[in-house]
Amino acid sequence: MTNSIDQLPARQQQALKTRSRLLKAGKEIFLENGFQKATISQIIKKAKTGYGTAYVYFKNKDELFITLMEDLMNQFYEVAEMPFKPQTKDEAYENIKKQVRLFLQLALDEQDMMKVVKEAIGVSPEIDHKWYMIRERFIERISVDIRYAQVQKLAKQHLDPSLTARGWFYSNEMFMWELVMNEDKYEMEDIIVNLTSMYTGGLYE
């Protein structure tokens, strides 16, 4: 099977390869030096490309990092967007528990990169804003699942889906950072069970 990149004109192939090389080099530099100490010059040197060429693709290290962060977050979105059509409270509990486990395990699997994300959110307004937008996408997706559960008469009707989703996401996010930054503080299984029980107990009839 022919790779789709091979079907593009040579100029476009070269552009995609250069961009990919910059992203790969960027990830290595960020992991090696952290966000604040990494420089665009280090990335360009590692990618073996020219400054003029590099700035065609990314105006600065923040922009390059945002692309890496979006690629990483797409893996989390896949978990958030798993089909959610429970018919009973018990089924909802198992589905939600599975999602929490996958979400937290992914954060641990990508622990080194997630630590750089945490650092970057604290020092770059651009990345902080991007993280806000990422949060909002997760919260909207959770709201959809809550509205479904309410329509199915599984969840309490008086609860506001958006506010409930926001509280649920922030709880998950807090424990995600706890695990990423201080892995030994809590047992992941304890977090999963407590989070899921608290959420389903408060939301579901």
Side-chain angles (χ1 to χ4, degrees), residues 65-111 113-205:
F65 189 81
I66 283 171
T67 302
L68 290 171
M69 189 165 80
E70 286 174 327
D71 288 346
L72 176 57
M73 285 302 113
N74 280 333
Q75 297 178 61
F76 287 88
Y77 288 140
E78 285 178 20
V79 174
E81 291 167 0
M82 286 169 61
F84 186 78
K85 302 289 181 184
Q87 301 302 308
T88 65
K89 180 179 177 179
D90 286 345
E91 194 180 338
Y93 177 90
E94 290 304 324
N95 284 1
I96 291 163
K97 187 177 174 184
K98 179 181 178 183
Q99 279 186 307
V100 174
R101 178 175 281 107
L102 289 170
F103 185 84
L104 295 179
Q105 187 59 56
L106 182 54
L108 282 182
D109 290 345
E110 297 287 348
Q111 187 174 22
M113 192 62 184
M114 290 299 290
K115 283 181 177 179
V116 185
V117 170
K118 179 71 168 168
E119 179 195 355
I121 290 168
V123 296
S124 165
E126 276 184 271
I127 293 166
D128 185 49
H129 177 69
K130 172 53 67 174
W131 185 253
Y132 171 80
M133 300 303 293
I134 287 166
R135 275 175 165 166
E136 292 302 305
R137 183 176 167 186
F138 276 117
I139 289 163
E140 177 50 38
R141 174 60 205 175
I142 296 164
S143 300
V144 169
D145 290 346
I146 293 171
R147 285 191 286 269
Y148 167 84
Q150 287 176 325
V151 168
Q152 296 298 311
K153 302 289 192 286
L154 295 173
K156 294 169 185 172
Q157 302 296 306
H158 69 280
L159 290 174
D160 181 282
S162 181
L163 288 175
T164 307
R166 195 167 292 278
W168 174 234
F169 177 77
Y170 287 156
S171 296
N172 278 272
E173 183 190 17
M174 184 191 77
F175 279 110
M176 176 191 77
W177 290 128
E178 287 276 8
L179 284 172
V180 165
M181 305 307 290
N182 192 5
E183 191 179 345
D184 299 328
K185 189 173 182 180
Y186 299 105
E187 290 292 333
M188 190 168 84
E189 196 61 33
D190 291 341
I191 292 173
I192 293 165
V193 170
N194 278 272
L195 268 178
T196 309
S197 298
M198 181 181 69
Y199 178 59
T200 54
L203 174 61
Y204 285 80
E205 298 284 7

Tightest non-hydrogen contact, residues D160 and S162, listed as OD1-N, 2.9 Å
Quick one: pull up CG in L159 and OH in Y204 and give me the separation to the nearest 0.5 Å.
11.0 Å
Measuring from atom OG1 of T196 to atom CG of N95, what distance do you get when rounded to the nearest 0.5 angstrom?
11.0 Å
Main-chain N/O of P86 paired to Y148 side chain as donor or acceptor, under 3.5 Å
yes
Given 3.5 Å as the limit, does a donor-acceptor pair link the side chain of Q105 with the main chain of F103, or not?
no
Can you check whether L154 reaches E91 side chain to side chain, under 4.5 Å on heavy atoms?
no
Salt bridge R147-E140, side-chain N to carboxylate O under 4.0 Å:
yes
Checking Q150 against E205 for the side chain to side chain contact (heavy atoms under 4.5 Å, CB included) test, could you report, in this order, the C-alpha distance in whole Å, the side-chain angles of both residues, the deciding distance, and whether it holds?
CA-CA 10 Å; Q150 287 176 325; E205 298 284 7; over 6 Å; no
Identify the two heavy atoms, one from I142 and one from A165, that lie closest to each other, and give their separation to 0.1 Å.
CG2-CB, 3.6 Å
Please check if the number of heavy atoms outside E189 that lie under 6.0 Å from its CD is greater than 12.
yes
Quick one: do Y186 and N194 satisfy side chain to side chain contact (heavy atoms under 4.5 Å, CB included)? Show the steps, please.
CA-CA 11 Å; Y186 299 105; N194 278 272; over 6 Å; no
Side-chain contact, heavy-atom cut-off 4.5 Å: I134 with M69?
yes
For a side-chain contact (heavy atoms from CB on, under 4.5 Å) with E187, tell me which candidate from D190, I191, D184 qualifies.
D190
Could you check if a side-chain atom of E78 sits within less than 4.5 angstrom of a side-chain atom of L106, using non-hydrogen atoms only?
no
Taken to the nearest 0.5 Å, the spacing of L72 CG from T67 OG1 works out to 12.5 Å
Per side-chain hydrogen bond (donor to acceptor under 3.5 Å, both in side chains), E81 is matched among Q99, R137, R141 by R137
Donor-acceptor check, side chain of Q111 to backbone of V180, threshold 3.5 angstrom: yes or no?
yes
Does the side chain of M114 reach to within under 4.5 Å of the side chain of W177, using non-hydrogen atoms?
yes
So how far is it from M113 CE to F65 CZ, rounded to the nearest 0.5 Å?
4.0 Å
Heavy-atom distance under 4.5 Å between the side chains of Y132 and E136, does that happen here?
yes
With side chain to side chain contact (heavy atoms under 4.5 Å, CB included) as the criterion, how do W168 and L195 come out once you've worked through the C-alpha distance, each side chain's angles and the decisive distance to 0.1 Å?
CA-CA 9 Å; W168 174 234; L195 268 178; 4.0 Å; yes
Without swapping roles, check the side chain of Q87 against the backbone of K85 for a donor-acceptor pair under 3.5 Å.
yes
With a 4.5 Å cut-off on side-chain heavy atoms, are Y93 and K89 touching?
no
Intermediate values then yes/no, side chain to side chain contact (heavy atoms under 4.5 Å, CB included), M82 and L102:
CA-CA 11 Å; M82 286 169 61; L102 289 170; 3.6 Å; yes
Side-chain donor or acceptor of S124 paired with backbone N/O of A120 under 3.5 Å
no
Interatomic distance, CG@D145 vs CG@L203, rounded to 0.5 Å, equals 10.5 Å
Once rounded to the nearest 0.5 Å, what's the spacing between atom OH of Y199 and atom CG of N172?
9.0 Å
Counting only heavy atoms not in K156, do more than 12 sit closer than 6.0 Å to its NZ atom?
yes
